[in-house]
Amino acid sequence: MPQISKHDETFAEAFENGETGWACLTHDIAFADQPDRTFHVRTTLIFALEDGVWKIVHRHGSVPIPNIEFTGIEQNAIADLVAAARKGFSLDQREGFASIMFTDIVNSSRLASMMGDRLWSSEVARHFAALRKIIQDADGEFVKSLGDGTMSSFPQPAKALQAARAILQANEQSDGPAIAVRIGIHTGKVVQTKDDFFGTVVNKAARIAALAAPGEIQVSDATRKMVSETRDYRFAYTTSVQLQGLEGEHLIHRLD
């Protein structure tokens, strides 16, 4: 964007409906390289209410003229994205079999409120560091953190269960604040890029984790079938559930 020499907000209004909101704003903008020309710009925003705070989840800006005329610069990002989609995102991608594990801290908002943001962020960083070591010790890959949760991948289901148990045990033995974690695991074929995983397996593992109770490990039927029930691994409370975004009924099992 060229340097802006004038920016006047000419109109703004907003509405809310439960935990969602919408706003529209209009602006008059002039650029330093075209000081005598004013552009009328409209911005729309969509909000979601999270823990009492309105957060922008989508923003759209529009002008009634082509980008090249507006900024003097051709904008190719969308065209590049479409071209990549037509190629099937084949660059640096591979498919494989993996067990995906999601963890999530229960009641993190309440803990953050009690401890304060700075202390809580330090505690979450310590928690993630401990999880990373446990996951790597079980031959897993710490893929990413997601707010107060994590996603990781394992080459074998038994390794994922080993890490999940170790995480709960580490939490019980920790000298820090009492952090309760829920864990979900699913196994199947995933698509992997350089630093992330995609596919139905990932989505299903996340949905299963969301159904777990504090201090509980829930696994999919596919994961259970690939890990024989032995003295090391016993499963209980098999339930049939519906998972958001996935069709049909799905069996999940609690790892004792």
Stepwise side chain to side chain contact (heavy atoms under 4.5 Å, CB included) check, Phe97 with Met226: CA-CA 12 Å; Phe97 202 79; Met226 295 187 67; 3.5 Å; yes
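- The backbone N or O of Ile208 sits nowhere less than 3.5 Å from a side-chain atom of Arg182 that would complete a donor-acceptor pair.
- When the shell of 6.0 Å around CG of Asp8 is examined, it contains more than 12 heavy atoms from other residues, nucleotides or ligands.
- Side-chain N or O atoms of Thr26 include one that pairs as donor or acceptor with a backbone N or O of Phe11 at under 3.5 Å.
- Under the side chain to side chain donor-acceptor pair (under 3.5 Å) rule, Ser220 has a single partner from His186, Lys204, His250, which is His186.
- The number of heavy-atom neighbours closer than 6.0 Å to CD of Gln3, taken from other residues, nucleotides and ligands shown, is 12 or below.
- Every residue two or more places apart in sequence or in another chain was checked for a side chain to side chain donor-acceptor pair (under 3.5 Å) with Glu16, and none qualifies.
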Derivation of the side chain to side chain contact (heavy atoms under 4.5 Å, CB included) call for Thr187 and Phe154: CA-CA 9 Å; Thr187 304; Phe154 299 83; over 6 Å; no
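- Rounded to the nearest 0.5 Å, atoms OG1 (Thr239) and CG (Leu211) are 8.0 Å apart.
- In this structure, NE2 on His60 lies 11.0 Å from CG on Leu45, to the nearest 0.5 angstrom.
- Taken to the nearest 0.5 Å, the OG atom of Ser152 stands 8.5 Å off from the CZ atom of Phe102.
- To the nearest 0.5 angstrom, Leu49 atom CG is 11.5 Å from Asn17 atom CG.
- Side-chain atoms of Arg207 come within 3.5 Å of backbone N or O of Gln244 as a donor-acceptor pair.
- Here the CG atom belonging to Asp148 is positioned 8.5 Å from the NE2 atom belonging to His127, to the nearest 0.5 angstrom.
- With Ser5 contributing its side chain and Ala30 its backbone, the two residues share a donor-acceptor pair below 3.5 Å.
- No hydrogens or angles considered: a donor-acceptor pair under 3.5 Å links the side chains of Thr38 and Lys6.
- Atom CZ of Arg118 is surrounded by 12 or fewer heavy atoms from other residues, nucleotides or ligands within 6.0 Å.
- The ring pair (Phe, Tyr, Trp, His ring centres under 6.0 Å) contacts involving residues 38-57 comprise Phe31-Phe39, Phe39-Phe70, where partners must be two or more places apart or lie in separate chains.
- Partners of Lys225 under the salt bridge (charged side-chain N to carboxylate O under 4.0 Å, His left out) rule, at least two apart in sequence or in another chain, are Asp221.
- The CH2 atom of Trp120 sits 4.5 Å away from atom CD1 of Ile179, with the distance rounded to the nearest 0.5 Å.
- Nearest heavy atoms, Leu168 versus Gly215: CD1-O, 3.5 Å.
- Of the candidates Ile167, Val219, Thr223, Ile217, Met101 forms a side-chain contact (heavy atoms from CB on, under 4.5 Å) with just one, namely Ile167.
- Taking all atoms of both residues into account, the shortest heavy-atom contact from Glu249 to Ser240 is OE1-OG, 2.9 Å.
- Residue Thr238 forms a side chain to side chain donor-acceptor pair (under 3.5 Å) with just one option from His253, Arg254, Arg224, and that option is His253.
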